[in-house]
Amino acid sequence: MNDAGAQARRSELAARLERVRHRIAAAASAADREAPQLIVVTKFFPAADVRHLSALGIRSVGENRDQEAAAKAAETSDLDLEWHFIGQLQKNKAKSVVRYAAAVHSVDRASLVEALARAVEREQVRRREAGEPPRAALTALVQVDLEAPDSRAGGGSGDVGAGRGGAAPADVSAIAAAIAAAPGLELGGVMAVAPLGGDPDEAFGRLQTIARNLQEQYPDATMISAGMSQDLESAVAHGATHLRIGSDVLGARPAVR
Ligand SMILES: *Cc1c(COP(=O)(O)O)cnc(C)c1O
């Protein structure tokens, strides 16, 4: 990208970011709470955009595919960024994800907890042998599936539609216990995506109840990762502590990849 193009893109991102920050501030003030943390989801967009966002004051970025995330994190390793992994995760990708991610929002089964804990342990050994400082504990959130079973079968469209993953609400407490017991992992809280076509207020209300129940047992598990471009207001109203915003900051993505 030439300088003029880069300048134009930075101004565009600055304007979009400003609008999103306004919406968040308005929603927080309506709910009489502090503004949640903004995680900008940079999937589909190049490392150059991550660089612009960093210059605009963004510290937290989210990605949903390991290959893309790993490459971007490597390209921007000179920046002070915190990477949040928010997509469905295969166990064999755990080793790669723990090299760059501070948090994984999408833990939805006990076998993945084990894989992540093993991966963190191996990563610490690798860093020690390479003379690098150790990484911090990996923050792990339990992804909750808020879709009714019958609304899942047809799937959705687009990249966050079909197969969003997540644990059934009844399984949350067992997965949380596995995270809390795993060395190298820290239980952050819960994450969810509102059901397609459903009422986000109702869904995020349920998530908030699940989060409260979890906090009775794990007082430090305070994170509620909820809210995307379309439903951030409703997520803020229902206690979200972390918003994952992509398209309203970066622009439209292709619907299917
Ligand atoms: C892509 C994605 C987002 C961001 O969605 P937007 O509608 O672009 O804001 C949030 N959460 C998850 C899990 C995603 O995959």
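Both ligands and their constituent atoms are indexed starting at 1 by order of listing.
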Exactly one of Arg16, Arg23, Arg253, Arg19 should register a salt bridge (Lys or Arg N to Asp or Glu O under 4.0 Å) with Asp248. Which one does? Arg23
Which option wins on minimum heavy-atom distance to atom 14 (C) of ligand 1: Lys43, Met191, His84, Gln143?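 Considering heavy atoms of Lys43, Met191, His84, Gln143, the nearest to atom 14 (C) of ligand 1 sits in Lys43.
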Of all the atoms in ligand 1, which lie at a distance below 4.0 Å from a heavy atom belonging to Ile245?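 With Ile245 as reference, the close atoms of ligand 1 come out as 9 (O).
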Below 4.0 angstrom from a heavy atom of Arg253, which ligand 1 atoms are there? Numbered from 1 as shown, please. 1 (C), 5 (O), 6 (P), 8 (O)
Less than 4.0 Å is my threshold; does some heavy atom of His105 fall inside it relative to ligand 1?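 No, His105 has no heavy atom closer than 4.0 Å to ligand 1.
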For Ile86, is the nearest heavy atom under 4.0 Å from an atom of ligand 1? yes
Set of side-chain contact (heavy atoms from CB on, under 4.5 Å) partners for Glu75, sequence neighbours left out: Ala47
If the plane angle is over 60° it's perpendicular, under 30° parallel, otherwise tilted; pick one for Trp83 and Tyr100.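 Ring orientation of Trp83 relative to Tyr100: perpendicular.
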Return yes or no for this condition: an N or O of [X] is under 3.5 Å from an N or O of ligand 1.
X      : answer
Asp248 : no
Gly246 : yes
Gln230 : no

Donor-acceptor check, side chain of Ser11 to backbone of Gln7, threshold 3.5 angstrom: yes or no? yes
Please step through side-chain hydrogen bond (donor to acceptor under 3.5 Å, both in side chains) for the pair Gln37 and Ser60, ending with a clear verdict. CA-CA 8 Å; Gln37 190 182 319; Ser60 302; 2.7 Å; yes
Per the salt bridge (Lys or Arg N to Asp or Glu O under 4.0 Å) rule, what does the pair list look like for residues 166-175, sequence neighbours excluded? none
